[in-house]
Number of protein chains: 2
Amino acid sequence: METVKYLLSEDRLPETWYNIAADLPSLPPPPLHPATGQPIGPADLAPLFPMELIKQEVSTERAIPIPDEVRAIYRQWRPTPLFRARRLEKALDTPARIYYKYEGVSPAGSHKPNTAVAQAYYNKQEGVRRLVTETGAGQWGSSLAFAGALFGLEVEVFMVKVSYNQKPYRRALMETYGARVVASPSTETAAGRAILAQDPDSTGSLGIAISEAVEVAAQRDDTRYALGSVLNHVLLHQTVIGQEAMIQMEMAGDYPDVVVGCTGGGSNFAGIAFPFIGAKLRGERPLRVVAVEPAACPSLTKGKYAYDYGDTAHLTPLVKMHTLGSSFVPPGIHAGGLRYHGMAPLVSHLLEIGAIEAIAIQQLETFAAGVQFARTEGILPAPEANHAIAGVIREALRCKEEGKSEVILFNLCGHGHFDLQAYMDYQAGRLRDYEYSDAEVAMALAGLPSVGA
Amino acid sequence: METVKYLLSEDRLPETWYNIAADLPSLPPPPLHPATGQPIGPADLAPLFPMELIKQEVSTERAIPIPDEVRAIYRQWRPTPLFRARRLEKALDTPARIYYKYEGVSPAGSHKPNTAVAQAYYNKQEGVRRLVTETGAGQWGSSLAFAGALFGLEVEVFMVKVSYNQKPYRRALMETYGARVVASPSTETAAGRAILAQDPDSTGSLGIAISEAVEVAAQRDDTRYALGSVLNHVLLHQTVIGQEAMIQMEMAGDYPDVVVGCTGGGSNFAGIAFPFIGAKLRGERPLRVVAVEPAACPSLTKGKYAYDYGDTAHLTPLVKMHTLGSSFVPPGIHAGGLRYHGMAPLVSHLLEIGAIEAIAIQQLETFAAGVQFARTEGILPAPEANHAIAGVIREALRCKEEGKSEVILFNLCGHGHFDLQAYMDYQAGRLRDYEYSDAEVAMALAGLPSVGA
């Protein structure tokens, strides 16, 4: 069956990032200083981030220019293609028209380089020599390693120990790009040593790895911290995805009735959805927007909207977000990029004001969706993206039931070339679903800080 | 530094494959029947291949139409991009201008789907229900599994046992696409059982796996065989690469002084080089063409140009090619796609008539080149492609020495996402080079058949 692909020429690469803060009826509550409980200012963030990123974090300008140097790198793989999933539609026998934006064409294989390149650029501009970060599954770490190599920045990655041991290939990719990778918890930081003193066999968590990275960045003058999701400026950089998709949907002569994205920290979801949500908030075009999260880490659907820390050692500011508590360690599902206890403040805020919906899907349903996608569309999706696909299939089957030919758009945020162990486990029947009782959720939430409550 | 990329719109996708047979001063010697020593005819090949592919195998028409249904699938990832390797040029401080065509953007990650899709299409057209093939590293097997999924064909892959065990992720990819994967030698064929009777611990070879696949295909009426390289029709299908590159080089305002490709069976090399060699043979544009092979499997540089079998059990026709002998088992270098004892008859013939050059490069030099490429250009190359890159770096450094700003074009035939074990081994110092003595080569060649000699 005919491939239907919508390509943009290079001159249609967006010249600005889209800042949804400009279109919100109200801004999300500000981050608070953990010691004082007062809103933080730029000076509090300066040890961690270059000033241009801090400005973007608090900006309410609708359009923020993308530097030429960043666009020059983007052009290696952007604009990314938009496909019509005709073969999947046929397999589902649905009247829905399904489109997907494919971010797996980037050198690191996901949407993450959209912000990694921007962050590396601003840090380089401000004289930073070394970037330090954390990574779980490794998508973010390898993207920052890629960006660091291009700009001549040293990159140090605290990799959650269980992934460090189980995913040596992800580590090898980062090292091939020239990054230094450290298993977390490590003895290189006070945060790491404290964890190891309590539990020498700790296999780590994203929250612990963030603590270690933040600690290192704060201590060295030539070093800054880089985060791959959650923060406003990170989500901002991803909006090239949705802006391109808007033009491509116009080329297709369609406009989405539903936009679907998977959510972990929230950045790929924001990337595809924010430009469309902006049009909705401005009263231009209505649509539904569905965030799909793993049932094993249900921050939007079962978490609490409250001030919480971003890390385990409580070195980060307090941010208001849907959270399962900073001590929550999600089970070892294969969508490692979705295993974070909190959700981006902007995404959380949009759920609160009713601009988006959220659903949680179990692991087995997401892998069944991913295999069906691979066999029809030919692309092997990342386990994170399988959540979006499972959500799309639900919508497409609803359309079939209701006899509606709605237009569904989703973000295929990355390929699954580094995730074949997950597919092997799925096909061997070794994966399982996770169901939380209310009591378990309440227990996870019991440790929330009282500051700002 | 600015990314320089040359993209073609979909309407520039070639409408025909380029058949170099039309421009050769003389045709390569014909394949011979192993029993009679006489040239084989279409009827001899009919149990293995559909008639349209047999016709392509012997055609001397210059342009062979690409069916619309095949172009429709190609459009999912074609035309592929051509890049100028500006960051690599800078790192090498060379006056050469280096361009690369990137075939890793296909769903299976290499150039192989160019022929897998065509072969699946013709088989489907002629009522075939099942395709059977062999695979070494897995690039070819996963490409055929992908193509089979799209056309609703069953795919069965005999995978060299050592790869089957060492590369479970490649197997998982094929199985995710729905293929059945069998470790070779297996007990499912007489050829496999004969090997196992001699050596129950045999880890297999490409030659053995071909024997098994050919045997199965020949026995079942609804089943045909598919080969991923070597044969004329396979090389033909790859010429979309070079035809696109010719237009893109024109967009760049350059024409290659040197075209470089890595060679195993010869298909990706043919894909990039044949259209340029055709122009040279027709007296339109001179240029050098360099085939780069692994020093561990030096068929072009140390093999003999002679009639030989394509497989171990001697079920295939005899073809005249540069060969190390059908019983030659190359050492376990990581460029699995280049570990074949013979070379495509067309590529062998071009070397004989002086239309191309060949060099062999050691494994360690190729990985050093691949790491340098990843850190400058951002793309992790497949170990096979590292051979082309190493050849390009040699040419670029020669240009520097001679003060010449030549134009170098190469085929980056695939990404290395499934080859990170190789990069780990390289970075840990576990890889080694292989040097053959004349005596060893003579021994490997001792078993060549006398037919056609």
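Below, read A as the first sequence line, B as the second, and so on, with proteins coming before strands; counting in each chain starts at 1.
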For each of B:Ala145, B:Pro168, B:Pro113, tally heavy-atom pairs with chain A at distances under 4.5 Å, and name the one with the top tally. B:Pro168
Highest number of heavy-atom pairs under 4.5 Å with chain A: which of B:Ala149, B:Gly416, B:Ser106? B:Ala149
Considering only heavy atoms from C-beta outward, does the side chain of A:Arg78 approach that of B:Lys5 to under 4.5 Å?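 A side-chain contact under 4.5 Å is absent here.
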Return yes if some donor-acceptor pair links the side-chain N/O of [X] with the main-chain N/O of [Y] below 3.5 Å, else return no.
| X | Y | result |
| --- | --- | --- |
| A:Gln76 | B:Glu377 | yes |
| A:Arg375 | B:Thr176 | yes |
| B:Tyr177 | A:Ala374 | no |

Tell me, out of A:Asp419, A:Asp68, A:Leu173, who's got the most heavy-atom pairs with chain B below 4.5 Å. A:Leu173
To the closest 0.5 Å, what do you measure between [atom1] ([X]) and [atom2] ([Y])?
| X | Y | atom1 | atom2 | value |
| --- | --- | --- | --- | --- |
| B:Phe418 | A:Phe418 | CZ | CZ | 8.0 Å |
| A:Arg87 | B:Ile73 | CZ | CD1 | 4.5 Å |
| A:Glu175 | B:Met424 | CD | CE | 7.5 Å |
| B:Glu10 | A:Leu7 | CD | CG | 6.0 Å |
| B:Trp77 | A:Ile379 | CH2 | CD1 | 10.5 Å |

Tell me whether the count of non-hydrogen atoms from other residues, nucleotides or ligands lying under 6.0 Å of [atom1] in [X] goes above 12.
| X | atom1 | answer |
| --- | --- | --- |
| A:Gln427 | CD | yes |
| B:Glu15 | CD | no |
| B:Arg130 | CZ | yes |

Which portion of A:Thr376 sits near chain B, non-hydrogen atoms under 4.5 angstrom: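 The answer is the backbone of A:Thr376.
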Interface moiety of A:Pro81 toward chain B, non-hydrogen atoms closer than 4.5 Å: neither
Using every non-hydrogen atom in the two residues, find where A:Gly378 and B:Pro107 come nearest and quote the distance to one decimal.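 Reported closest heavy-atom pair: O-CB, 3.2 Å.
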Return the orientation label for the A:Tyr169 and B:Tyr169 ring planes: parallel under 30°, perpendicular over 60°, tilted otherwise.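 Rings of A:Tyr169 and B:Tyr169: perpendicular, as their planes differ by over 60°.
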